[in-house]
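Structure, as structure tokens:
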Amino acid sequence: MRESKNYLQDLNPAQREAVETLYGPLLVIAGAGSGKTKTLVCRMAHLVEKGIPPEKILLLTFTRRAAKEMIERASLLLKRDFHKVTGGTFHSLCHTMLRQYGTLIGYSPNFTLLDRTDAEDLFNLLKTSLGLSDNKKRFPKKDTLANLYSKTLNQEKSLEELLDSEYPQFLEFLPEIQRLFVEYKIYKKEHQLMDYDDLLLNWLEILKNYPQIRDEMGKRFHFIMVDEYQDTNTLQGEIIKYMASTHQNVMVVGDDSQSIYRFRGANYRNIFDFPKIFPQTKIIKLEQNYRSTQPILDLANVIIANSKIKYTKTLFTLKKEGAKPVLFRAKDEAETSKFVVDKILELREKGIKLSQIAVLFRSAYHSYELEVELAKRGIPFVKYGGLKLLESAHIKDLLAFLKIILNPRDFLSWNRVLLLMEGIGPRTAEKIIQTLKREALPTSLNRILGLSPSHELKRWLELYTTIKPYEEESPSEILQKIWYFYEPLFQRIYSEDYHRRVKDLEGLFSLVLKYKSLDEFVSDLLLEPLEITELEGETLDEDPLILSTIHSAKGLEWHTVFILSLIEGRFPSLYSLKNTDDLEEERRLFYVAVTRAREKLFLLSPLMVYLPGEGKTFAKPSRFLTELPKTLYEEVNYTTPEEKSSHIKPVTENYMNTHYSTELSSTSSFKIGDFVKHPHFGEGEVLEVMGEKIKVNFISKGPTILHLKYTQLERLL
DNA sequence: CCGTACAATGTTTTT
DNA sequence: CATTGTACGG
């Protein structure tokens, strides 16, 4: 009780009201940077302080990482253990519950989870077996099918409506596609498979049909908190409705202007529907921004004011001072990359940690050129978004082995595994699977070996029948055994880029050590897919720079933010141009990107860009840029270091940065033993000169390596 | 029936 | 431009 004063007094009145409203439905509309996370953390702490056991709290967030961080922060706040709080995503909650209660609707506890590509593979399989891929050349492809299927569920539209609006060329196949979807559902149920959508759907079905489960949930989770509510869909809204039906103690937090998951069925209107589901809802708005400076916020407010829909709030800040956002229009992407890297090095010299700087972009591939430049200049970085480790073929192979160990009826994974073996193609694989369906292993062993003379098949089946996942063997031991078998096939299949791929696997081997059950390992990989760079970069000696898609940057903030490729067709994306709603979402995406910045914001918009199909073309600046008043940003010119010594000339007279306007230090002018002065680190002695780099022992900071190109050092006599 | 060599195709964001 | 489908030879 004594401690409570401290954290409650740190809150503004609105935040405090949200924290102190413990019972009943509560909707918090929280603008970007308005202390949303802080409010959630404090409320969680407050609940516990009022005597609520942590295990009665359910915290739903957008990523599991976010939940973990909040629980950590609450623990620190009260110096108590909050680890019994159940925290995670909707999908992970549903997954856990279905492992426990799935039997009610005919699912065994060891059902298999399908990721996106698994689902696509299944569509392909069914497409072939229904004879839909034979002569009709224009029948939709597997990824289109999976996409359509998911949309019918998440956006609650009929297949016909969706086809009409998005794929009119496939309308003629409506009956075939419908039949395919029915088959897809049947197949999943028969083989104990669930895709991502099934997790929500099936759990909702149980909640709807079993009042006793609702009661049980009410007792188990007496307080529910949901973060990022603007990015939930109707299905998730309904899950909340049932989970909280007995007590109504549910708080949701969201920002309608930051809704960026429409393609996944999220609708910002969900926020406004919340009071309809829970008529007693109390609404609180958080409008004070604690993150960004006024110039950044001004830009953000204009972006959202330009949108067609009226949003609920205008942000204000007390951080009045600050540099205007900078726009740089490079001649091409190469020049953009150089500018960004130069600026980053400059910031680092000023003492900003690389991990406090982020480069954001609409699509993962937009950063390729920059990544090359960063590697060349030796700047460590991690990238979020884009290709997931799980999506690479070799990881999927290993996972397929694990999946059939856990669920022998997962014939989709059996199919993948069998096709890896030399001498086994689609037909033989199909025959083997038919045999397995009639008669399980090990009884059918000899019959199956009779179908193919493949040595690899024989070796695998022998190994397979000896592995016992639920008994004494650890996940790591099992993975080792599989690797022992798989390695020769791996070398044969991926002979060209063996070395690149084997690196990923090493990461996987070290990750598996943390798990005590194989089941948990596999579902975790599917529910929170690992980023490729998350496994590679353990040995970095410096906090790395962040590269991220805007979607993956949600909820985070940095000292400086760069936004890449503000070009029509890239941002806004080509696919959003036809449809106003999609375009509006792109605008919100830009808003999200801008509001990630605390102090400095750089907007990049190259004049020429590589567009798929037509090579290098002139780029049209993004409409999001052209609709901004010029007074809100500074446009700069820039010459790359090769052409001249690194030099920026301000276009307008009050350009924020004086750094480039002074002459730069020349490489030759320093020797060991010189005394020098740095504008931010103060005085120091030169210890070593290494080409373009110099090592200086600063009085304030100790020995530091500087890049002469980007530093202005003054020699003292 | 398998594996490979060649042609075509559309190319975002994620649990 | 890299993945995905098709044609053909072994």
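The chains referred to below are lettered A, B, ... by the order of the sequence lines, with proteins before strands, and numbering in each begins at 1.
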Whole angstrom is fine here: how far is it from [atom1] in [X] over to [atom2] in [N]?
X      : N      : atom1 : atom2 : value
A:Y365 : C:dT3  : OH    : P     : 16 Å
A:D143 : B:dT13 : CG    : C1'   : 15 Å
A:R588 : B:dT13 : CZ    : C1'   : 13 Å
A:F90  : B:dT14 : CZ    : P     : 19 Å
A:L577 : B:dT11 : CG    : C1'   : 14 Å
A:D198 : B:dT15 : CG    : P     : 18 Å
A:E120 : C:dG5  : CD    : C1'   : 15 Å
A:I550 : B:dT13 : CD1   : C1'   : 10 Å

Salt bridge (charged side-chain N to carboxylate O under 4.0 Å, His left out) contacts in which one or both residues fall within residues 197-207 of chain A, not counting sequence neighbours | A:K188-A:D198
Quick one: salt bridge (charged side-chain N to carboxylate O under 4.0 Å, His left out) pairs with a partner in residues 548-557 of chain A, sequence neighbours left out?
->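 Output for this query lists A:E228-A:K554, A:D231-A:K554, A:R291-A:E557, A:E557-A:R598.
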Set of residues satisfying salt bridge (charged side-chain N to carboxylate O under 4.0 Å, His left out) with respect to A:R64, sequence neighbours excluded =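 So A:R64 forms a salt bridge (charged side-chain N to carboxylate O under 4.0 Å, His left out) with A:D524.
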How would you list, by chain and number, every residue that makes a side-chain contact (heavy atoms from CB on, under 4.5 Å) with [X], sequence neighbours excluded?
X      : answer
A:T112 : A:L193, A:K403, A:N407, A:D410
A:Y368 : A:Y365, A:E371, A:K383
A:K578 : none

May I have the list of side-chain donor-acceptor pairs in residues 235-244 of chain A shorter than 3.5 Å, sequence neighbours left out?
unit_1: A:Q236; atom_1: OE1; unit_2: A:N233; atom_2: N; d: 2.8

Reckon A:T549 has a side-chain N or O less than 4.0 Å from the OP1 or OP2 of B:dT12?
->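 No, because none of the side-chain N or O atoms of A:T549 sits under 4.0 Å from OP1 or OP2 of B:dT12.
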Grab the N/O contacts between the protein and nucleotides 3-10 of chain B below 3.5 Å, and write none if there aren't any.
unit_1: B:dG3; atom_1: OP1; unit_2: A:G423; atom_2: N; d: 2.5
unit_1: B:dG3; atom_1: OP2; unit_2: A:I424; atom_2: O; d: 3.4

First of A:P426 and A:L526 reached from the 5' end of DNA chain B, by closest nucleotide = A:P426
A:E586 or A:E391, whichever maps to the more 5' nucleotide of DNA chain B = A:E586
Identify each donor-acceptor pair in which a side-chain atom of residues 418-437 of chain A lies under 3.5 Å from a protein atom, sequence neighbours left out, and give them as a table.
unit_1: A:E430; atom_1: OE2; unit_2: A:Q434; atom_2: NE2; d: 2.7
unit_1: A:T435; atom_1: OG1; unit_2: A:K431; atom_2: O; d: 2.8

Nucleic acid contacts of residues 256-267 of chain A, taken as heavy-atom distances under 4.0 Å to DNA chain B |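 Result for residues 256-267 of chain A: A:Y261, A:F263, A:R264, sorted by number.
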C1' atom, C:dG5 versus B:dT12: distance in rounded Å?
->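 The same atom, C1', in both gives a distance of 23 Å.
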Please measure how far the C1' atom in C:dT4 lies from the corresponding atom in B:dT13, and state the result in whole Å.
-> 22 Å
From A:I563 CD1 over to A:F624 CZ, what is the distance, rounded to the nearest 0.5 angstrom?
->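 It is 11.5 Å, given to the nearest 0.5 Å.
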With a cut-off of under 6.0 Å to the ring centre and 45° to the axis, is A:R459 in cation-pi contact with A:F485?
-> no
Protein and nucleotides 8-10 of chain C: nitrogen or oxygen contacts under 3.5 angstrom:
none

Listed partners of A:H91 passing ring-ring contact (aromatic ring centres under 6.0 Å, His included), at least two apart |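 ring-ring contact (aromatic ring centres under 6.0 Å, His included) list for A:H91, sorted by chain: empty.
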Nucleotide nearest A:S363 (side chain, heavy atoms from C-beta), chosen from B:dT12, B:dT15, B:dC1 | B:dT12
Donor on one side chain, acceptor on other, A:T117 and A:D115, under 3.5 Å | yes
